Amino acid sequence: MKLTGAEIVWECLLREGVDLVFGYPGGAILPIYDALTKYPQIRHVLPRHEQGGTHMAEGYARATGKVGVMLATSGPGATNLVTGLANAMMDSSPLVAITGQVPLGAIGSDAFQETDVTGCTLPVTKHNYLVTRTEDIAYTIREAFHIARTGRPGPVLVDIPKDVQNKVIEFHYPEGELRLPGYNVPGKAHPKEIEAALDLIHSAKRPLILAGHGVLMSGAMDEIRSFAEITQTPVALTLLGKGGFPENHPLCVGMMGMHGTAAANQAIQQADLLLAFGMRFDDRVTGNLKTYSPDSKKIHVEIDPSEINKNVKVDVGIVGDLKMVLRQLLPKLQTGQHQEWIGQIRDWEEDTSERDILLRLAAHPDGKLWAAQVIAELFRCTEGKALTVSDVGQHQMLEAQYYPHTRPHSLLTSGGLGTMGFGMPAAIGAKLGRPDEEVWAIVGDGGFQMTLTELGTAMQEHVNINIAIINNSFLGMVRQWQEFFYEERYQSTPLKNPDFVKLAAAYDIPARRVSTKEEIEEAVQWARSIDGPTLIEFVVVQNDIVYPMVPAGADLHAMIRRPKPSESPDFENNPTAI
């Protein structure tokens, strides 16, 4: 059949299983938008900004495991995608962005709304294309989806000039297996690598599993649990690995790294074997590389060969799909006994619990609300069953600490890039992808204002998300660093905020304000009872600190920790002393 290039785009998306796209129209992509009128089976969601749309597509992708799709026009439309693409690249999220481009004859002439988008996005995409022939659209889109979803997932951009969209050709969908020279997706490990890993595993006395985002992306949740239980090996989680191993499991020691649990970090430093499964030894996880887990052997299983020995030198590096590699290891594992090691970790966990007594206090001495209390109460009210999408900042770390996750893909957040503004639009995408889930966007007052225009999208699409703004009238995490390392010079971190409740009302979104612990449960249950978007502004203590904290570049064991109540002489009269 004869189709325009624009129609071919939609035909290909249908064949890739796409039924939802996010996008913002403009002149250079109008042919594709005009052709959409012939494809009612595909739902289009209009964000209020292209960056927000890219975060929606990523939220959808990470919640569903499918490839998220975002459309944008040339010039500023395309450049507005860059932050979202960089976020997806850092967190290995499968995304395909399709952008319109000025006609072929105008490329390079500084035409209206012309930008070299493939050049702009080369560092923040897994691959990108400029399609110069209508005959190449179908194969390019098929290839783009294959690259986005296989191996280590990531964003792929396809740039299509306007005249290439308009040309009519005979359409033939490319059938058969894709073979891309130089693109090899790792699978199983070599038997010698398996044997080398087993030798280290069976000789270890103090082993520790480091479970990362790769556990979720490979679908290896059952395998890693079986591995841990057979060998009796404790499991520490990266931020993006949360949900890959249930946090209520006796072998889970919680999140590692800069704001991880003291038990997890101490276990890393004293382990004699680290089993790094689907994680990349990010600097927020390791601290000072020179003193990182100095006495341990290290096994690293990773699908991206560039990550092996990149940051941390390992004894056995296995390039392969984690699920496949674990299935090779499981039948050969010997039953482990590490009671003394696990007992030591339990002692560290008890010490941490004593330091967290602040969370269990009935109230702040001045009746104010602690941010941690909001997260803990939200966990209790939802019975830990919500899909939470957190933005970036103190509230992000508190969510990680006080909302344990037992299900895969139940926490979405910006990890590698740390993008403020990610939370609310990503929650919209997640809810559209998993409509039966209870979705909470946990955001700070700073990050929320970076993409608050997406309230319009939530309103127009009637997306049933609940937005919890943790409002401390500061850029809280930056303020914390200023307190610790810059002698309390709070330059450019105090915020004069709008009335968030009135702002929500302007978008016809029901909203409430909460400022005491006693009000939390009623407000949360109120939001849960409403069909459609809601917003709760939680006014919390301004000078709160997220403990523990490993200063950037410091030794992992050099954590700044909350003193115990017994160590604070003024605790009886001033609980804020801890």
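Quantities reported herein were computed from a predicted structural model and do not represent experimental measurements.
The side chain to side chain contact (heavy atoms under 4.5 Å, CB included) test with Trp370 is passed by exactly one of Leu398, Ile375, Asp544: Asp544. Checked options His395, Gln542, Arg513, Glu537; the residue passing with Asn471 is Glu537 (criterion: side-chain hydrogen bond (donor to acceptor under 3.5 Å, both in side chains)).
Within the 3.5 Å criterion, the main-chain N or O of Pro76 finds a donor-acceptor partner in the side chain of Asn80. The closest donor-acceptor contact from the side chain of Asp445 to the backbone of Ser473 lies under 3.5 Å. Side chain of Glu247 to backbone of Met255: no donor-acceptor contact under 3.5 angstrom is found. When atom types are taken as modelled, the side chain of Thr413 and the backbone of Ser390 share a donor-acceptor pair closer than 3.5 angstrom. Between the side chain of Ser293 and the backbone N or O of Ile268 there is at least one donor-acceptor pair closer than 3.5 Å. In this structure a side-chain-to-backbone donor-acceptor pair under 3.5 Å is present from Gln401 to Tyr547. Remark: the backbone N or O of Val253 is paired with a side-chain donor or acceptor of Thr261 at under 3.5 angstrom.
When every heavy atom of Leu251 is checked against every heavy atom of Arg346, the shortest pair comes out as N-NH2, 4.4 Å. Closest approach of Arg407 to Leu387, counting heavy atoms only: NH2-N, 4.2 Å. A pairwise comparison of heavy atoms in Met559 and Pro548 identifies CB-CB, 4.3 Å as the closest pair. Counting all heavy atoms, side chain and backbone alike, Thr291 lies closest to Pro294 at O-CD, 3.5 Å. Heavy atoms only, all atoms of each residue included: Gly52 and Pro47 are closest at C-CB, 4.4 Å. Summarising the geometry of Ile560 relative to Pro551, their closest heavy-atom pair is CD1-CG, 3.9 Å, with the distance given to 0.1 Å.
Using a 4.5 Å cut-off on side-chain heavy atoms (C-beta onward), Arg48 and Gln460 make contact. Side-chain contact between Met397 and Leu239 is present, with at least one heavy-atom pair separated by less than 4.5 Å. Under the 4.5 Å side-chain criterion, counting only non-hydrogen atoms from C-beta, Ser414 is not in contact with Glu58. Using a 4.5 Å cut-off on side-chain heavy atoms (C-beta onward), Glu483 and Gln480 make no contact. Residues Asn128 and Leu122 meet the side-chain proximity criterion, which asks for heavy atoms closer than 4.5 Å. Here the side chains of Arg434 and Val439 are not in contact, with every heavy-atom distance at 4.5 Å or above. Considering only heavy atoms from C-beta on, Gln396 stays 4.5 Å or farther from Asp391 through its side chain. With a 4.5 Å cut-off on side-chain heavy atoms, Met90 and Arg280 count as touching.
One finds the OG1 atom of Thr286 at 6.5 Å from the OH atom of Tyr292 (value rounded to the nearest 0.5 Å). Once rounded to the nearest 0.5 Å, the distance linking OG1 of Thr125 with CE of Met89 reads 6.5 Å. Here Asn265 contributes atom CG and His259 contributes atom NE2; the two are 11.0 Å apart, rounded to the nearest 0.5 Å. Within the model, atoms CD of Glu399 and CD1 of Ile470 stand 10.5 Å from one another, a figure rounded to the nearest 0.5 Å. Distance OH/Tyr60 to CG/Leu412: 13.5 Å, rounded to 0.5 Å. Note that CG of Leu503 is 8.5 Å distant from CD of Gln449, once rounded to the nearest 0.5 Å.
Judged purely by distance below 3.5 Å, without hydrogens or angles, the side chains of Gln269 and Asp555 never pair a donor atom with an acceptor atom. Checking Thr382 against Glu438 by side-chain atom types alone, no donor-acceptor pair falls below 3.5 Å. For the residue pair Arg152/Ser92, the side-chain donor-acceptor check at 3.5 Å is satisfied. Using a 3.5 Å distance cut-off with no hydrogens or angles, the side chains of Arg479 and Gln482 do not pair a donor with an acceptor. Checked by atom type, the side-chain pair Ser93/Asp91 shows no donor-acceptor distance below 3.5 Å.
Within a 6.0 Å sphere centred on NZ of Lys385, heavy atoms belonging to other residues, nucleotides or ligands number 12 at most. Within 6.0 Å of OH on Tyr24 lie no more than 12 heavy atoms contributed by other residues, nucleotides or ligands. Heavy-atom contacts from other residues, nucleotides or ligands closer than 6.0 Å to CD of Gln525 number more than 12.
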_One pair to check against side chain to side chain donor-acceptor pair (under 3.5 Å): Thr406 and Asn248. What are the steps and the verdict?_
CA-CA 7 Å; Thr406 58; Asn248 59 354; 5.1 Å; no
*Given the rule in the side-chain contact (heavy atoms from CB on, under 4.5 Å) test, do Arg380 and Glu521 qualify, once you have shown the distances and angles that lead to the verdict?*
CA-CA 9 Å; Arg380 186 181 66 82; Glu521 180 176 3; 3.1 Å; yes
*Go through the steps for Ile209 and Phe277 under the test side-chain contact (heavy atoms from CB on, under 4.5 Å), then give the verdict.*
CA-CA 7 Å; Ile209 293 170; Phe277 290 159; 3.7 Å; yes
_side-chain contact (heavy atoms from CB on, under 4.5 Å) between Glu302 and Phe281, intermediate numbers included_ = CA-CA 11 Å; Glu302 169 62 49; Phe281 290 110; over 6 Å; no
_Test side-chain contact (heavy atoms from CB on, under 4.5 Å) applied to Ile467 and Ile509, step by step_ = CA-CA 10 Å; Ile467 303 164; Ile509 293 176; 5.6 Å; no
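Aromatic ring pairs are classed by plane angle as parallel below 30°, tilted from 30° to 60° and perpendicular above 60°; the pair Tyr490 and Phe474 is perpendicular. Between Trp481 and Phe485, the two ring planes are perpendicular [angle over 60°; tilted spans 30° to 60°].
The residues Glu461 and Lys431 are annotated as not salt-bridged, no charged nitrogen and carboxylate oxygen being separated by less than 4.0 angstrom. Using a 4.0 Å cut-off between a side-chain N of Lys or Arg and a carboxylate O of Asp or Glu, Glu519 and Arg512 do not qualify as a salt bridge.
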